[in-house]
Amino acid sequence: MKVGSRLEILLRQGKFVATAELGPPKSADLELIKKKASILRGYADAVNITDNQTAIVRVSSIAAGKIALDEGLEPIIQMTCRDKNRLAMQGDVLGAYILGLKNLLCLSGDHQSFGNHPQAKNVYDLDSIQLVNMVRDMRDKKVFECGEEIKNTKKSEILEPRMFIGVAANPFGDPFEFRVVRLAKKIKAGADFVQTQCIFDLPKFKRYMEMVTDQGLHEKVSILAGVMPVKSFRVLQYMKNNVAGMSIPDELIRRMKAAEDPKAEGVKICVEFIQQVREIPGIHGVHIMAVEWEAIVPSIVQQAGLYPRPDVQ
Amino acid sequence: MIVAEQKEISEIINMVGDHNNILVVGCDTCVTVCLAGGAKEAAILSSALRLAYRVKGKEITVEATTIERQCEIEFVDALEPILKRKDLVISMGCGIGVQTIAERFPQLLVVPALNTKFLGLPEKQGVWVERCQACGQCVLDKTGGICPISRCSKSLLNGPCGGSQNGKCEISKDTDCGWHLIYERLKTLGRLESLEEIMPVKNWSTSRDGGPRKVIREDMCL
Amino acid sequence: MMDFTPHIVAFCCENSAYRAVDIAGAKQEGYPSNIQLCRLPCSGKLEINHILRAFEEGADGVFVFACHPDSCKFLKGNVRASKRIEHTASLLEKIGLEKERLRFFHLSELEWAAFLEAVRQGNESIKSLGPSPIKVR
């Protein structure tokens, strides 16, 4: 056991895990974080706390993560390379750890041009792979990026932050053949678990997973398949046309369009995807990305037969 | 070369303000090639400024001249005789040109007519593209001669992010994904396996992040 | 509206408008005497600076006559001229001159009547704009 977070324990025990997402509010709305946390409590083994997602300013992932932790969730703190340099990142890793946060998802981050501060200067001191490597070295080699040991004075003891390290993988980005190579690099850098981009194109995802299992990568890392419930066909259409790195079959759009109750159909499709990805060799869990629709997660988890979630002693 | 673009004329007029004896200085080097600040552009700007003030009922003197290179003191020296009684110099050089003139003639007010954009090349007539960010630590040997610092929107060093699709960057369908280009080039070169290696954290101290930079060649110093 | 005789500079491509003027002359059809013709080897030869200079020298209007699209002797001179005119018009506007003082026409050498009509109409439109605000005082 590397860090002993609930997520790590469940994955080590071979449980099929379910993670969800909690988007912190765009204002200092403490109650909203608590409300979202209470919806998700008991329905997800761990919950991603997004970091200024889509480059829009929100409550910091670590602060919201601490609230979520106090509310009984197991947070996965997201950290992007867009907003912080290596000093801020390492300081935040230390800070998150002493607050009791033990899972960290390392991301490149959406470019700031998407968000509400497109004139901002971006950082990208490190890329996501280098971030993984740095956090791993902090944990396993007990050193900072510069090579210095993690301690206060020469004589004091080393107190390193121990994070269970996650990465994202987009099987639908291009060049397709490079996607598995990139995953392998992330594993080599120290990734413990992977959450994929949301899957709408199952055949393409299966091709990707075949390449992953051929190389035995699924034995080195836990792979959680990303799924997303959508409320209407317009969401799919929007993502197809405007979100880079998404593969959305027209057939799915047609099915959502034809549905009498699109929300119910969206949930049904999501549940079907969960059941189907579960059958794919090398998949260790699902990551349910109900963006700004946290309230639907409990019913998806229930309908997918994933409730109740296992206890960890 | 250095690629620049002329500022909005209204911004330049604001900088001129109440000055009435003005020298517009073009530069014969990069900004001539990128059609932003050569002799022709200097003549157009001078004429436009005279017209703009006459419309307001005011006569100002605007002369234009162009020197070989605004980024070398020796060439900037040539301005001295024509600077007499000038109360404003508008440099049509890049940011370096403006500063060189200001440094050489500290008693003169020197203002920029251009926005210096980047280091790049003309892709086709009328279109210029960025190729280098002067990071001070070239990695082109590892990336098939395509720069990830300037051509990836996030300056990533270990391959394309999840936003790469159909060879384009997530920021715009008009922007090539730099890492897709690198991938294709390395494939052509039969060197794809080099992408499997993790490129370590970059030393940005050689870039602007290390503070103002200086190159000293002892063997060349007098 | 003031009654005045505008000073107009007409840049004419020698392959079209300039010949049209000759034909008009042969037919004893005159053009207004306040139009000052300036012959160009091609409308593409016209520089932004030439137009600005004309205004600086006191022109109330500048007309540019190019060949019809696709019939430039130098293939794309007229296309370039058209882009340059567009750019110049926006520059004029930004420095406080009405962009309508600059007009662009496509014409073939045979269209002498159209030339006269364009000049007449253009003359009227410049008249209605009044004298250029940058007239040499």
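Note: hydrogens, waters and symmetry copies are ignored here, and every other heavy atom, side chains too, is used. This structure is a prediction, so every number in the text was calculated from the model and none was measured.
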May I ask you to check whether over 12 heavy atoms, not counting those of B/Q107, lie within 6.0 Å of atom CD?
-> yes
Which atoms of A/F178 come close to chain B, meaning under 4.5 Å heavy atom to heavy atom: side chain ones, backbone ones, both, or neither?
-> both
Checking A/A189 against chain B: side chain, backbone, both or neither under 4.5 Å from a heavy atom?
-> both
Which one, B/L156, B/L195, B/N158, B/I171, leads in non-hydrogen pairs under 4.5 Å with chain A?
-> B/N158
For each of A/P175, A/S113, A/G173, A/S108, tally heavy-atom pairs with chain B at distances under 4.5 Å, and name the one with the top tally.
-> A/P175
Among the options A/K186, A/K185, A/H111, pick out the one with the most heavy-atom pairs lying under 4.5 Å from chain B.
-> A/K185
Bottom line for A/D125: the part with an atom under 4.5 Å from chain B's heavy atoms is both
Is the number of heavy atoms from other residues, nucleotides or ligands under 6.0 Å of B/R213 CZ greater than 12?
-> yes
Salt-bridge criterion met for A/E177 and B/K187 (N-O under 4.0 Å) = yes
Residue A/M134 versus chain B: region with a heavy atom under 4.5 Å | neither
A/R82 versus chain B, heavy atoms under 4.5 Å apart: side chain, backbone, both or neither?
-> neither
Under a 4.0 Å N-O cut-off, is there an ion pair linking B/E170 with B/K154?
-> yes
Is A/E160 salt-bridged to A/R139, cutoff N-O under 4.0 Å?
-> no
Side chain from CB out, backbone as N, CA, C, O: work out which of these in B/K168 comes under 4.5 Å of a heavy atom of chain A, or both, or neither.
-> neither
Of the listed residues (A/L126, A/L131, A/D110), which shares the most heavy-atom pairs with chain B below a 4.5 Å separation?
-> A/D110
Which residues share a side-chain contact (heavy atoms from CB on, under 4.5 Å) with B/T32, sequence neighbours left out | B/D28
Atom group of A/F176 that falls short of 4.5 Å from chain B, counting heavy atoms | neither
May I ask you to say whether A/E210 pairs ionically with A/R207, meaning some side-chain N is under 4.0 Å from a carboxylate O?
-> no
Would you check if there is a donor-acceptor pair between the side chains of B/S207 and B/Q137 at a distance under 3.5 Å?
-> no
With chain B, which of A/V243, A/N170, A/N122, A/D174 has the greatest number of heavy-atom pairs at distances under 4.5 Å?
-> A/D174
